Amino acid sequence: RWDIFTTEPQEVTQPQTFEGFRGFYVRQNTPLFAFSHQLLLGSQEMPALYQFGAILGLDLTTGSHLRADMDHGGSLMLNGVIVPQPNMTIKPSLQLVNAPDGKKVDGGGLEAVYKGANWVGEAGAK
């Protein structure tokens, strides 16, 4: 059942085109909580990266969850999927990245999707 919790944030935080070695391990501690470890060994353009993450499930029936990943450089990525109603999904995200000059670069967004009987409405901000 954890595939619901790992697929969406992984697509948000990781590029789709990756050449090299990638290892991903999830340790489920309880039905609603897990730790993750990810190791990426890429080319010279993309240095090695280790990420430690925590996944907090909010509701197993809807797939609502929050996920936080931190890499060895101190950059933090937070993602989530919240399903308050069967036809509504809210996806918050926040990114705090250590820049090479030592400054923090902040970014984030919020996306909401509402599915009607024969229409879909989307709103978002980044």
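Here the structure is a predicted model, which means the values were calculated and not measured.
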Please name the pair of heavy atoms, one in [X] and one in [Y], separated by the smallest distance, quoted to 0.1 Å.
{"X": "V81", "Y": "P92", "result": "N-CD, 4.5 Å"}
{"X": "L41", "Y": "A48", "result": "CD2-CB, 3.6 Å"}
{"X": "D59", "Y": "L32", "result": "N-CD2, 4.5 Å"}
{"X": "S93", "Y": "N79", "result": "CB-OD1, 3.8 Å"}
{"X": "M88", "Y": "V83", "result": "O-CG1, 3.4 Å"}

Separation between [atom1] of [X] and [atom2] of [Y], rounded to the nearest 0.5 Å:
{"X": "I55", "Y": "R67", "atom1": "CD1", "atom2": "CZ", "value": "4.5 Å"}
{"X": "T62", "Y": "Q85", "atom1": "OG1", "atom2": "CD", "value": "11.5 Å"}
{"X": "L66", "Y": "F33", "atom1": "CG", "atom2": "CZ", "value": "11.5 Å"}
{"X": "D106", "Y": "Q95", "atom1": "CG", "atom2": "CD", "value": "9.5 Å"}
{"X": "L94", "Y": "L78", "atom1": "CG", "atom2": "CG", "value": "5.0 Å"}
{"X": "M70", "Y": "Q51", "atom1": "CE", "atom2": "CD", "value": "10.5 Å"}

Would a hydrophobic clustering, with Ile, Leu, Val, Met, Phe, Trp and Tyr connected at side-chain separations under 4.5 Å, put I90 with V113?
no
side-chain hydrogen bond (donor to acceptor under 3.5 Å, both in side chains) involving S75 - partner list, sequence neighbours excluded
none
Please give the remaining members of the hydrophobic cluster of Y25, linking ILVMFWY side chains under 4.5 Å, ordered by chain and number.
none
Validation row: Q38, Y50 side chains within 4.5 angstrom (heavy atoms):
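In short, these two side chains do not touch, never coming nearer than 4.5 Å.
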